[in-house]
Amino acid sequence: MRLRREDLLVYIVTDRSWLGSNQLSDQVEEALRSGATMVQLREKDMAYESFVKEALDMKEITRRYQVPLIINDNIDVAVASDADGVHLGQQDGDIILARKRLGYDKIIGISAHTVMEAMDAEAGGADYIGVGAVFGTNTKKDAENIGMEILTEICHAVTIPVVAIGGITLENMEKLHGTGVAGVAVISAIFSAQNIGDATKRMVVKAKEHFHG
């Protein structure tokens, strides 16, 4: 599956912090049913075998909705589950080696915090860039905020699409208008909501207004 710019419009990143008695698969499916355009399975503490099983189950769901499934950080899990791609941080491995293992029909996203990192990622064969944290976030406590100026510079420095991440809510999304991002990657704005479907629909409507309007 090749990446389309519109796949990044509302890109949900899973987080078990707000799971409660619910199933992650049910939460993801509710978001997809309500318009989420891409899914990143993010499991920081799960054992390899369980991570693969989770990825295989998630792949069945994303396939039904025809949206890409991206695995956070773990190329082995992406290969084993035949996921649509992987998202790597700056310290998570060589992008060229990742491309060799995944093949050219898979999606590779790279986190970038500077123009140089973004340009290097594009030169290395990345399909999209994730830039953040654009606002304060409790999900990744070591993340430093990136201002709108740097975000805009990154969007203009690369030809591949850029997705903004970090502390994005329905209320602050409009601040990203005009930066050039293709969309937003969101975690708590959707998964902490009492009604995930309603939260997703609102995010999709506002994202279309600001990024594809």
Side-chain angles (χ1 to χ4, degrees), residues 1-17 19 23-29 31-32 36-113 117-132 139-140 142-143 158-163 165-166 182-183 185-187 190-191:
M1 177 182 286
R2 299 307 301 170
L3 181 74
R4 303 169 304 165
R5 181 180 173 88
E6 54 264 35
D7 291 329
L8 295 171
L9 186 66
V10 176
Y11 176 6
I12 59 172
V13 181
T14 66
D15 191 323
R16 293 176 177 273
S17 300
L19 205 54
Q23 297 293 317
L24 185 64
S25 57
D26 291 339
Q27 290 187 332
V28 168
E29 182 152 17
L32 291 175
T37 55
M38 192 154 151
V39 177
Q40 182 184 128
L41 184 59
R42 184 173 183 263
E43 296 288 0
K44 290 293 186 182
D45 303 312
M46 187 174 278
Y48 173 77
E49 291 79 7
S50 299
F51 198 169
V52 171
K53 182 180 184 309
E54 184 77 15
L56 288 168
D57 291 344
M58 202 65 69
K59 182 72 189 296
E60 285 299 312
I61 298 170
T62 56
R63 181 180 294 144
R64 287 205 298 274
Y65 290 87
Q66 298 184 323
V67 305
L69 172 65
I70 304 298
I71 304 298
N72 178 259
D73 286 354
N74 199 315
I75 298 170
D76 292 336
V77 171
V79 171
S81 63
D82 192 29
D84 298 300
V86 68
H87 186 92
L88 302 174
Q90 285 292 314
Q91 311 300 324
D92 294 327
D94 186 287
I95 185 174
I96 295 175
L97 294 178
R99 177 63 74 195
K100 285 182 179 177
R101 289 207 57 204
L102 289 166
Y104 287 90
D105 62 334
K106 299 295 185 182
I107 298 165
I108 296 180
I110 299 290
S111 295
H113 313 90
E117 286 180 352
M119 292 176 69
D120 285 347
E122 181 175 32
D127 295 291
Y128 74 92
I129 305 289
V131 177
T139 306
K140 198 168 183 179
D142 60 343
V158 296
T159 60
I160 55 177
V162 173
V163 64
I165 188 170
V186 290
I187 305 175
I190 285 179
F191 287 107

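For clarity, every value in this text was computed on a predicted model and none was experimentally measured.
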Salt-bridge criterion met for Asp127 and Arg2 (N-O under 4.0 Å) = yes
Residues that Glu6 engages under side-chain hydrogen bond (donor to acceptor under 3.5 Å, both in side chains), provided they are two or more places apart = none
Could you give me the CA-CA distance, side-chain angles and deciding distance for Ile165 and Tyr11, then say whether side chain to side chain contact (heavy atoms under 4.5 Å, CB included) is met?
-> CA-CA 9 Å; Ile165 188 170; Tyr11 176 6; over 6 Å; no
Residue set satisfying side chain to side chain contact (heavy atoms under 4.5 Å, CB included) with Asp73, at least two apart, ordered chain then number -> Lys44, Asp92
Just jot down the side chain to side chain contact (heavy atoms under 4.5 Å, CB included) partners of Val79, sequence neighbours excluded, or say none.
-> Ile75, Arg101, Leu102
Whether Ser111 side chain and Gln90 backbone form a donor-acceptor pair below 3.5 Å = no
List the atom of Ile61, the atom of Ser25, and the distance in Å for their closest heavy-atom pair.
-> CD1-CB, 3.5 Å
With sequence neighbours excluded, tell me which residues meet side chain to side chain contact (heavy atoms under 4.5 Å, CB included) with Asp26.
-> Gln23
Return a table of donor-acceptor pairs under 3.5 angstrom between the side chains of residues 64-71 and protein atoms on other chains or two or more places apart.
residue	atom	partner	partner atom	Å
Arg64	NH2	Glu29	OE1	3.1
Arg64	NH2	Glu29	OE2	3.0
Tyr65	OH	Glu29	OE2	2.9

In terms of heavy-atom contacts, does CG of Asp94 have more than 12 from other residues, nucleotides or ligands at under 6.0 Å?
-> yes
By salt bridge (charged side-chain N to carboxylate O under 4.0 Å, His left out) - contacts of Arg63 (at least two apart) | Glu60
Looking only at heavy atoms, the pair that brings Ala112 and Ile129 closest together is CB-CG2, 3.5 Å
Interatomic spacing from CG in Leu41 to CD1 in Ile12 - rounded to 0.5 Å = 10.0 Å
Between NZ on residue Lys106 and CG on residue Asp84, distance to nearest 0.5 Å | 5.5 Å
Closest contact, heavy atoms only, Pro161 versus Leu8 | CB-CD1, 3.6 Å
If you draw a 6.0 Å radius around CE in Met119, do more than 12 non-hydrogen atoms from other residues or ligands fall strictly inside?
-> no
Using the side chain to side chain contact (heavy atoms under 4.5 Å, CB included) rule, take Ile190 and Gln27 through it: C-alpha gap first, then chi angles, then the decisive distance, then the call.
-> CA-CA 9 Å; Ile190 285 179; Gln27 290 187 332; over 6 Å; no
Atom pair CE/CD1 of Met38 and Ile107 - distance to nearest 0.5 Å = 5.0 Å
Among residues two or more places apart or on two chains, list those pairs meeting ring pair (Phe, Tyr, Trp, His ring centres under 6.0 Å) that have a residue in residues 66-95.
-> His87-Tyr128
Residues forming a ring-ring contact (aromatic ring centres under 6.0 Å, His included) with Phe191, sequence neighbours excluded | none
Verdict with supporting geometry, Leu24 and Thr14, side chain to side chain contact (heavy atoms under 4.5 Å, CB included) = CA-CA 8 Å; Leu24 185 64; Thr14 66; 4.0 Å; yes
Salt bridge (charged side-chain N to carboxylate O under 4.0 Å, His left out) with Asp7: which residues, sequence neighbours excluded?
-> Arg4
Under a 4.5 Å cut-off applied to non-hydrogen side-chain atoms, are Val13 and Asn72 in contact?
-> no
Got a sec, which residues hit salt bridge (charged side-chain N to carboxylate O under 4.0 Å, His left out) with Lys53, two or more places apart in sequence or on another chain?
-> Asp57
In Å, rounded to the nearest 0.5 Å, how long is the span from CG of Asp120 to CD1 of Ile110?
-> 10.5 Å
Test side chain to side chain contact (heavy atoms under 4.5 Å, CB included) applied to Glu122 - qualifying residues, sequence neighbours left out = Val158, Thr159, Ile160
Would you indicate whether the side-chain heavy atoms of Lys59 and Asp82 approach each other to under 4.5 Å?
-> yes
Would you please name every residue forming a side-chain hydrogen bond (donor to acceptor under 3.5 Å, both in side chains) with Ser50, sequence neighbours left out?
-> none
